[in-house]
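Structure, as structure tokens:
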2 protein chains.
Amino acid sequence: MPATPDALDRRAALKARHRQAIVAAAAALMDERGSARFSVDELAARADVSRRTVFNHFATLDDVVIAAASTILGDVVDELGARAGAAGPDADVLDQMAAATRAEHLVPLMARLVRMLGGESGAGTTLPAREAALVQRTFALLDERLTATMVGHHAELDDLAVELLVVAFMAGALMLFRHWYAATGAVDDARSRRLWDELQGHLVDLLRHGQGAPQDAR
Amino acid sequence: MPATPDALDRRAALKARHRQAIVAAAAALMDERGSARFSVDELAARADVSRRTVFNHFATLDDVVIAAASTILGDVVDELGARAGAAGPDADVLDQMAAATRAEHLVPLMARLVRMLGGESGAGTTLPAREAALVQRTFALLDERLTATMVGHHAELDDLAVELLVVAFMAGALMLFRHWYAATGAVDDARSRRLWDELQGHLVDLLRHGQGAPQDAR
DNA sequence: TGCACCGAGTGCATCGCTGCACCTAGTGTC
DNA sequence: GACACTAGGTGCAGCGATGCACTCGGTGCA
């Protein structure tokens with residue numbers, strides 16, 4: 001949610017302010033509770049709006065939670081994207097994305113997301129259905145955001161092939177997240193990092209072939 | 001303007017908050033300018049509301065100025081009233097009112113009112129018509145407030161004669177203010193204080209007769 | 001004196017928020 | 001299994017604020 005621009009009239013500014021307050025209140029409650037378990041009434045009271053107003057801005061309470069989680073982790077995602085772009089537009093796109101999504105960068109992010117939404121994580125722990133769905137949806141949103149950032153880095157190339165590559169990579173990353181999450185419970189340790197790098201290596205290899213390099217001997 | 005009670009619903013609270021903000025903004029501008037000369041646009045900007053909203057709460061800009069001046073001086077007036085009531089309900093009502101409105105108490109108040117609304121005061125200075133009218137209307141409002149306070153002190157007596165006495169006294173004080181103001185320009189000095197006490201003495205004498213005491217020889 | 005400009009004040013439509021009654025699904029208890 | 005309760009979510013009417021076009025009176029200037 002961008003800061004309110006001066007150009008907004010007072011009505012639009014009020015609307016933006018209230019939406020911002022709702023998201024911030026959700027983030028605060030999630031931080032305090034270590035989970036996404038709070039009521040609409042608690043959220044409205046914390047945001048200092050009526051409960052009806054919450055639903056004027058968001059379709060469901062889960063939508064608020066996802067917006068809050070995205071806001072909290074959005075900066076981290078943007079940082080990843082910025083780092084990936086630092087090599088300049090001439091760098092190999094696939095190498096950039098591979099570097100940006102290595103375990104050392106992405107595993108802490110994914111672990112934090114799961115902790116934020118569902119409390120403690122662990123290989124043996126399975127989140128309740130609602131929390132698991134929240135994690136998936138939020139990761140998908142962050143993935144989309146990173147995709148947009150990566151595509152933006154190469155916009156000057158105006159190359160459809162590059163955009164397709166980025167979108168395909170991020171879609172693959174999203175699918176791998178589900179797999180990795182099921183296998184590790186989103187705990188952040190050496191084993192889970194090794195698994196992520198292995199999975200991500202598969203993705204990179206697959207897309208490398210599609211980028212014009214000669215097909216490796218199996 | 002009382003603080004917003006918790007019992008108000010959110011709409012009523014918003015309304016009260018905006019009205020309060022408008023009055024506070026006017027008071028701030030009057031304090032900075034040393035006069036009541038600012039525009040509706042300036043007031044609205046300072047109060048952080050739209051200019052239409054100012055007119056939703058007040059009929060005219062002058063009404064806002066009067067509300068602000070009343071708020072600023074209202075505490076002083078309440079203090080006068082409280083002091084008058086400190087002698088207890090058995091004290092002579094007329095003596096109380098006379099004590100409360102002696103020059104040492106009232107002349108600083110009246111001088112401050114004129115300064116606030118019209119800038120510097122002096123015997124030779126005449127305020128522009130608008131500012132003069134503002135002073136009259138604000139004094140009338142404060143006079144009414146002091147009247148209510150004085151009547152309240154003797155409410156336990158439930159005596160119509162007491163209430164009539166208070167109302168008559170305050171109406172007399174209002175009329176005397178006009179006279180005193182015209183003669184002194186609301187400057188606060190020994191001469192203006194002497195004149196006020198003289199005028200007030202006449203009022204006290206007049207009402208003393210009406211209180212059952214034998215008529216003094218002229 | 002006529003004209004242009006400015007600012008107070010107004011009417012009206014629209015927006016965003018709010019209050020409230022209601023529905024529905026899930027949960028717990030007997 | 002029936003019932004009561006709770007919380008998420010909804011529709012609708014009303015309130016307060018706002019945007020905007022407008023009128024009118026006051027002021028300054030030629």
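Small disclaimer: the values here were computed from a predicted structure and weren't measured. Just the heavy atoms: all of them, side chains too, but no hydrogens, waters or symmetry mates, feed the values below.
A residue-by-residue look at Arg51(A) and Arg11(A) shows that Arg51(A) has its nearest nucleotide of DNA chain D further toward the 5' end. The nearest heavy atom of DNA chain D to Val49(B) and to Ala59(A) marks one nucleotide each, and the one closer to the 5' end goes with Ala59(A).
Screening Met175(A), His179(A), Arg194(A) for a side-chain contact (heavy atoms from CB on, under 4.5 Å) with Leu199(A), the sole residue that qualifies is His179(A).
Taking all atoms of both residues into account, the shortest heavy-atom contact from Leu117(B) to Glu131(B) is O-CG, 3.2 Å. Met30(A) approaches Ala68(A) most closely through the heavy-atom pair SD-CB, 3.9 Å.
The outermost nucleotides of DNA chain C lying under 4.0 Å from heavy atoms of chain A, listed 5' to 3', are dT14(C) to dC20(C).
For CZ of Arg37(A), the number of neighbouring non-hydrogen atoms (other residues, nucleotides, ligands) closer than 6.0 Å is 12 at most.
Between the side chains of Gln136(A) and Arg178(A), at least one donor N or O sits under 3.5 Å from an acceptor N or O.
Remark: the backbone N or O of Ser192(A) is paired with a side-chain donor or acceptor of Trp180(A) at under 3.5 angstrom. For Gln200(B) (side chain) and Ala98(B) (main-chain N/O), a donor-acceptor pair under 3.5 Å exists by modelled atom type.
Taking a 4.0 Å limit (strictly below) on heavy-atom distances, residues 37-47 of chain A does not reach DNA chain C anywhere.
When heavy atoms are screened at a 4.0 angstrom cut-off, Arg52(A) is found touching base atoms of the nucleic acid.
Side-chain proximity of Asn56(B) to dG11(D), dG16(D), dT18(D): nearest is dT18(D). Picking from dG16(D), dG9(D), dG11(D) the nucleotide with the shortest atom distance to the side chain of Lys15(B) gives dG16(D).
Contact annotation: His18(B) reaches the phosphate of dA17(D) (side-chain N/O to OP1 or OP2, under 4.0 Å).
The list of ring-ring contact (aromatic ring centres under 6.0 Å, His included) pairs with a residue in residues 131-152 of chain B, not counting sequence neighbours, reads Phe139(B)-Phe177(B).
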